[in-house]
Novice: 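The following block contains the structure, expressed as structure tokens.
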Amino acid sequence: MSRTVYINGSYLPEEDAKVSIFDRGFLMADAIYEVTAVIDGKMIEFDGHLERMRRSLRELDIAYDPNKEEMLAIHRELIARNHLVHGGVYIQITRGNPGDRDFLYAEGESIPPTIVLFTQERPDPRHSKLDKGWAVMTMEDLRWKRRDIKTVQLLYPSIAKTTAKRLGFDDTWMIEDGTITEGTSNNAYIIKDGVIITRHLSNDILHGITRASLLKYAQSRQMKIEERPFTLDEALAAEEAFVTSASTYVMPVVSIDGQDIGTGKPGEHTLALRQMYIEESVKVAI
Ligand code: PDD
């Protein structure tokens, strides 16, 4: 069935929503995006995603400051119109359509941004079968150096994810200068001697909204956390591994490059963290 999507102030059937071929999002990947999870028709971490969206826009000097009430209303309207129960809302904001192709863009100038939103359904994460977890492979991280900005330049992560699928894996962990940066669209973690280890925040990785809350919840339960880079060898010797994102929540990683992590099954800390994250975030969903 056709979804209702949002484009520049209008709610339209998806087949009627059109963007110009001169839009800089299309020609230059000059656009940012967010994905907000929905459980029971309510949004998880709406404020966090909005704040990161504002930051991405600022970092790219896109002259648009989203209004919280307006954004909340659009997200809610799309959830309602599409009867979305579990899944996510995708929003993309581009620098707009200057009317021609040009490498130059006018900084802070007032061509209107292009704003599109649509919903995607996914199963209820509380009933997901996780007994297999994810088998990940590794590839060199060949993305640009501002991975902290959530841009739509997703070609390399798409190639990495497709390569993984083609070779029988579920995802790819990317490696730079000997350490793991992150997964194709998720943050990466290992657990060693009961300590959660995940790369510290910098321009090397996206500052995951799920990551921030998960670490906060874990800390409040006295779990130890080390935010630092870790190597592939460390990961292979870990007791558990997992990834986080708005689409996977907390997903166990059971093997890397064909080598089992721990028992080769989803780890008990990982499963407890997943349950804790989903329970806590559903409590404060809006
Ligand atoms: N991806 N790292 C990368 C490179 C990502 O693309 C994502 C999110 C994350 C996790 O961020 P968060 O916890 O805020 O979702 C980390 C989204 C889900 C996507 O591209 O669909």
Side-chain angles (χ1 to χ4, degrees), residues 25 29 31-39 43-57 59 75 86-93 116-122 125 128 134 136 138-162 164-165 170-176 179-190 196 198-218 227 229 241-251 253 270 273-274 276-278 280-282 284-285:
I32 61 93
Y33 76 107
E34 282 295 331
V35 176
T36 304
V38 172
I39 301 179
M43 282 177 286
I44 307 294
E45 315 255 27
F46 178 83
D47 289 322
H49 288 287
L50 180 68
E51 240 356 274
R52 187 172 62 192
M53 187 161 84
R54 287 202 172 107
R55 178 178 182 275
S56 295
L57 290 164
E59 291 296 313
H75 278 73
H86 309 299
V89 182
Y90 175 93
I91 178 168
Q92 177 167 331
I93 302 180
V116 299
L117 286 89
F118 55 82
T119 53
Q120 290 187 304
E121 276 180 44
R122 283 194 299 273
S128 308
W134 273 8
V136 305
T138 56
M139 277 171 74
E140 192 185 346
D141 195 335
L142 296 179
R143 297 173 299 163
W144 81 327
K145 302 277 183 184
R146 288 303 307 274
R147 303 157 193 156
D148 56 311
I149 310 174
K150 199 163 171 62
T151 76
V152 301
Q153 298 181 79
L154 296 174
L155 181 55
Y156 189 69
S158 293
I159 290 171
K161 182 93 184 176
T162 306
K165 284 283 172 193
D170 298 294
D171 199 20
T172 297
W173 276 14
M174 292 177 281
I175 301 186
E176 186 169 63
T179 58
I180 308 288
T181 51
E182 55 189 336
T184 57
S185 57
N186 45 65
N187 291 117
Y189 307 73
I190 56 174
I196 301 171
T198 192
R199 197 180 183 92
H200 61 287
L201 297 181
S202 71
N203 293 354
D204 297 341
I205 60 167
L206 187 74
H207 302 186
I209 304 301
T210 318
R211 176 191 183 281
S213 293
L214 182 83
L215 294 184
K216 193 178 73 189
Y217 297 145
E227 293 181 66
F242 64 94
V243 295
T244 64
S245 73
S247 49
T248 59
Y249 303 100
V250 177
M251 176 60 69
V253 167
T270 301
L273 286 166
R274 178 182 171 91
M276 176 178 73
Y277 177 78
I278 294 174
E280 293 297 327
S281 27
V282 163
V284 291

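Counting starts at 1 for both ligands and their atoms, in listed order. These figures come from a predicted structure and were not determined experimentally.
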Novice: Taking Asp170's backbone N and O only, do any of them form a donor-acceptor pair with Lys161's side chain (distance below 3.5 Å, no angle check)?
Specialist: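 Judged by distance alone, yes, a pair lies under 3.5 Å.
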Novice: What is the closest protein heavy atom to atom 18 (C) of ligand 1, and at what distance does it sit?
Specialist: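 Result for atom 18 (C) of ligand 1: Ser247 OG, 3.7 Å.
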Novice: Looking at Arg122 and His86, would you say the former's side chain and the latter's main chain have a donor-acceptor pair under 3.5 Å?
Specialist: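 Not at all, since once roles are kept as given, no pair shorter than 3.5 Å links the two residues.
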Novice: Any idea which protein heavy atom is nearest atom 11 (O) of ligand 1, and the distance to it?
Specialist: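 Answer for atom 11 (O) of ligand 1: Gly208 CA, 3.5 Å.
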Novice: Using a strict 4.0 Å cut-off to heavy atoms of Thr184, name the atoms of ligand 1 that fall inside it.
Specialist: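 Those atoms are 4 (C).
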Novice: Using atom types as modelled and distance alone, determine if a side-chain donor or acceptor of Asp171 lies under 3.5 Å from a backbone N or O of Ala164.
Specialist: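 Judged by distance alone, no pair lies under 3.5 Å.
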Novice: Among all protein non-hydrogen atoms, which one is nearest to atom 2 (N) of ligand 1, and what is the separation to 0.1 Å?
Specialist: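 Nearest protein contact, heavy atoms only, for atom 2 (N) of ligand 1 is Glu182 OE1, 2.7 Å.
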Novice: Which residue and non-hydrogen atom of the protein lie closest to atom 19 (C) of ligand 1, and at what distance in Å?
Specialist: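 I find the closest protein heavy atom is Tyr33 OH, 3.6 Å.
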Novice: Is the shortest distance from a Lys or Arg side-chain nitrogen in Glu34 or Arg52 to a carboxylate oxygen in the other one below 4.0 Å?
Specialist: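 Between Arg52 and Glu34 there is a salt bridge, with a charged N closer than 4.0 Å to a carboxylate O.
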Novice: How far is atom 6 (O) of ligand 1 from its nearest protein heavy atom, and which residue and atom is that?
Specialist: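 Here the closest protein heavy atom is Ser185 CA, 3.4 Å.
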Novice: More than 12 non-hydrogen atoms from neighbouring residues, nucleotides or ligands closer than 6.0 Å to CD on Glu121, yes or no?
Specialist: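 No - once you tally the heavy atoms of other residues, nucleotides and ligands closer than 6.0 Å, there are 12 at most.
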Novice: Which of the numbered atoms in ligand 1 are below 4.0 angstrom from a heavy atom of Asn187?
Specialist: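 That gives atoms 10 (C), 16 (C) of ligand 1.
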Novice: For ligand 1, is any non-hydrogen atom under 4.0 Å from Glu45's backbone (N, CA, C, O), its side chain (CB onward), both, or neither?
Specialist: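 Answer for Glu45: neither.
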Novice: Please test Arg211 against Glu182 for salt bridge (Lys or Arg N to Asp or Glu O under 4.0 Å), starting from the C-alpha separation and ending with a verdict.
Specialist: CA-CA 12 Å; Arg211 176 191 183 281; Glu182 55 189 336; over 6 Å; no
Novice: Is any N or O atom of Thr210, backbone or side chain, closer than 3.5 Å to an N or O atom of ligand 1?
Specialist: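 N/O-N/O distance under 3.5 Å: yes.
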Novice: Please give me the minimum heavy-atom distance between Thr172 and Ala160, naming the atom from each residue.
Specialist: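 Thr172 and Ala160 have their closest heavy atoms at OG1-O, 2.8 Å.
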Novice: What part of Leu154, side chain, backbone, both or neither, has a heavy atom within less than 4.0 angstrom of ligand 1?
Specialist: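 Neither part.
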Novice: For the backbone of Tyr90 and the side chain of His75, can you confirm whether one donor and one acceptor N or O come within less than 3.5 Å of each other?
Specialist: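 No; zero donor-acceptor contacts below 3.5 Å.
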Novice: Select one of side chain, backbone, both or neither to describe which atoms of Ile205 lie under 4.0 Å from any atom of ligand 1, heavy atoms only.
Specialist: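 None of Ile205 does.
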Novice: Taking it one step at a time, do Thr181 and Asp141 satisfy side-chain hydrogen bond (donor to acceptor under 3.5 Å, both in side chains)?
Specialist: CA-CA 8 Å; Thr181 51; Asp141 195 335; 2.6 Å; yes
Novice: Of the listed options (Asn186, Leu214, Val152), which comes nearest to atom 9 (C) of ligand 1 when hydrogens are ignored and any heavy atom counts?
Specialist: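 Checking each option, the heavy atom nearest atom 9 (C) of ligand 1 is found in Asn186.
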Novice: Near Ser245, which atoms of ligand 1 are under 4.0 Å from a heavy atom of that residue?
Specialist: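 Listed by number with element: 10 (C), 13 (O), 15 (O).
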Novice: Could you list the atoms of ligand 1 found under 4.0 angstrom from a heavy atom of Ala246?
Specialist: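 Listed by number with element: 12 (P), 13 (O), 15 (O).
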Novice: Considering Val35, Ile209, Thr248 one by one, which has a heavy atom nearer to atom 12 (P) of ligand 1 than any of the others?
Specialist: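 The nearest heavy atom belongs to Ile209.
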Novice: Examine distances only and state if a side-chain atom of Ser56 and a backbone atom of Lys150 form a donor-acceptor pair shorter than 3.5 Å.
Specialist: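 Checking the backbone N and O of Lys150 against the side chain of Ser56, a donor-acceptor pair under 3.5 Å is found.
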Novice: Could you tell me whether His49 approaches ligand 1 through its side chain, its backbone, both or neither, with non-hydrogen atoms closer than 4.0 Å?
Specialist: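 Answer for His49: side chain.
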Novice: Could you tell me, atom by atom, which parts of ligand 1 come under 4.0 Å of a heavy atom of Thr244?
Specialist: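 That gives atoms 10 (C) of ligand 1.
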Novice: Return the option from Lys150, His207, Arg143, Gln120 holding the heavy atom at the smallest distance from atom 8 (C) of ligand 1.
Specialist: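 Selected option, by shortest heavy-atom distance: Lys150.
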Novice: Salt-bridge test for Glu176 and Arg147: reply yes if a basic N is under 4.0 Å from a carboxylate O, no otherwise.
Specialist: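 Answer for the salt bridge query: yes.
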